[in-house]
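Reviewing the structure listed below.
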Number of protein chains: 2
Amino acid sequence: MASSTLKVKCSECPIRHRAVCARCDDDELDMLEGMKTYRSFRAGEAILWRGENLLFVASVVSGVATLSKTLEDGRTQMVGLLLPSDFIGRPGRKEIDFDVTAATDVTLCCFQRAPFEKMVDETPHVSQRLMELALDELDAARDWMLLLGRKTAREKVATFIEMLVRRSDTNVTFSFPLTLSLPLTRNQVANYIGLTFETVSRQLSALKQEQVIDFNDRRHLEILDLAALTIATGDKDADGFM
Amino acid sequence: MASSTLKVKCSECPIRHRAVCARCDDDELDMLEGMKTYRSFRAGEAILWRGENLLFVASVVSGVATLSKTLEDGRTQMVGLLLPSDFIGRPGRKEIDFDVTAATDVTLCCFQRAPFEKMVDETPHVSQRLMELALDELDAARDWMLLLGRKTAREKVATFIEMLVRRSDTNVTFSFPLTLSLPLTRNQVANYIGLTFETVSRQLSALKQEQVIDFNDRRHLEILDLAALTIATGDKDADGFM
DNA sequence: TTCGATCTTTGATCTAAATCAAATTGGATG
DNA sequence: CATCCAATTTGATTTAGATCAAAGATCGAA
């Protein structure tokens, strides 16, 4: 199962300014140091099962995890993608209604429930930050409802790639042609955007054919024409309005 | 536009124990009385537009409102349904990314932003209640992602009806055969579950044909066989497990 | 370095739901 | 009460994406 990893000091943590601890001062970081443990998961490993009692809450430090729901006959739908700084677990919630799985190797910064919840209760900016993170997830879920309910296969694939561009750290450097790592297999992408892996593959091939994107290995994408990609999402009209 | 309505005293409010004010004491209710206004909207009227600056936050007192997103070419997807006690507006958010529309005649209990946010900051149980309401919406959004991404037309329609049963007040009395009011047109239902209105109509006719449900007028449904309806949702296996 | 497993691509065919097209119904309005 | 308009039902046809199928590519392990 999960192995322990060398703990990084909060002050040197890569997600320091985006995670739940974003607005903590030095004293508060010291408190967190005392209740935190690092845990690592290998790609493919289960992090949490649906219905399982949450023994910890956690921030994703590195890697990518998926949230997914499964119907009895095996159809599955991803309902979220956790990237570094995203949070697992909610105040007052003892369990979750989806499975959490490591898509790549993942390192979590885990907090023991009891002391963490005590800190949340006593530190308004921490509970405010949790609220912000929850509302961001709600916005993302609603954008995805539009994608799942109304977008075409092409629009779904384009929207997924654009989301990766927007959320990945690579766009900080922003060197063209933009290269980004694709943390999911075709099948996982399909489960995220409500398609089959064959359709995902076909749409990726079409976008490559049209020189909107390029790829040679399975784990990376190059964005050749971001404007064309954006148009292909269906979100904005030709003028880029909306 | 919205007309004002006679204000009901908080202590006699029908949503008193489920809304954001659920855990307020008498003093706190007095504070709320001072900052609240009732506003009514006719069926079909816009309550809020996407991007509009939120001048108030509000609880739904009566009626049903829809949250929806629209693509440039007119395809629309409902991303939420607001029933009595549901809340509009979030701490720290000045605008919303979807349209809010009255599906039936709607009465809102509106709070001025500034004093309400002050109260949220000073009253932990109110901000906790807001967090609970947001997390409930997040759970609902994720259930809907599974529906939109993976369910068949039949499963979608059955799930929608079952959700109405679960959330409507009628199930308090629970007299069989269960009758419930359908606050949406076929077209609105279609926009909620990612189908066309023709497909919704066909699936409703099929469920009627199979004597799972019955209906004569457009605005009501009778549940003849709740067990069959539940199986038709695809959520649970034949034993009702899950 | 080869083997085997998994992932990916691409082609052929099928199908669930969309689209197109009329009736028909029902509720609101004068 | 008659009229009208929007909502609904039902049928015929089309189509986007699923499913079925098979051939490559990639990668880790022996």
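Per chain, numbering begins at 1; letters A, B, ... match sequence-line order.
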With B:L184, the side chain to side chain contact (heavy atoms under 4.5 Å, CB included) member among B:T104, B:T66, B:V200: B:T66
Ion pair A:D73/A:R75, N-O distance below 4.0 Å: yes
Members of residues 183-191 of chain A that approach DNA chain C, where some heavy atom sits under 4.0 Å away: A:T185, A:R186, A:N187
Any residue of residues 203-212 of chain B with a heavy atom less than 4.0 Å from an atom of DNA chain D: B:S205
Phosphate-side-chain proximity, A:T199 and D:dA18, N/O vs OP1/OP2 below 4.0 Å: yes
Between D:dT8 (P) and B:I213 (CD1): distance, integer Å: 13 Å
N/O (side chain, A:S201) to phosphate O (OP1/OP2, C:dT8) under 4.0 Å: no
B:L195 or B:D217, whichever maps to the more 5' nucleotide of DNA chain C: B:L195
Close side-chain approach of A:L207 to A:R154, heavy-atom, < 4.5 Å: yes
Distance, rounded to the nearest Å, where A:D73 contributes CG and D:dT19 contributes P: 10 Å
Nearest-angstrom distance from the residue atom CG of B:N216 to P of C:dT25: 13 Å
Spacing between B:E198 atom CD and C:dA17 atom P, to the nearest angstrom: 14 Å
Whole angstrom value for the distance that separates P of C:dA16 from NZ of B:K156: 14 Å
Integer-rounded Å distance: D:dA16 P and A:K151 NZ: 18 Å
Over 12 non-hydrogen atoms of neighbours within 6.0 angstrom of CD in A:E12: yes
Gap between atom CG of B:L229 and atom CD1 of B:I161 - 0.5 Å precision: 5.5 Å
Carboxylate-amine/guanidinium proximity below 4.0 Å for B:K151 and B:D235: yes
Side-chain donor/acceptor contact of B:R219 with base of C:dG27 under 3.5 Å: no
Residue whose closest nucleotide on DNA chain D lies nearer the 5' end, A:R218 versus A:V200: A:V200
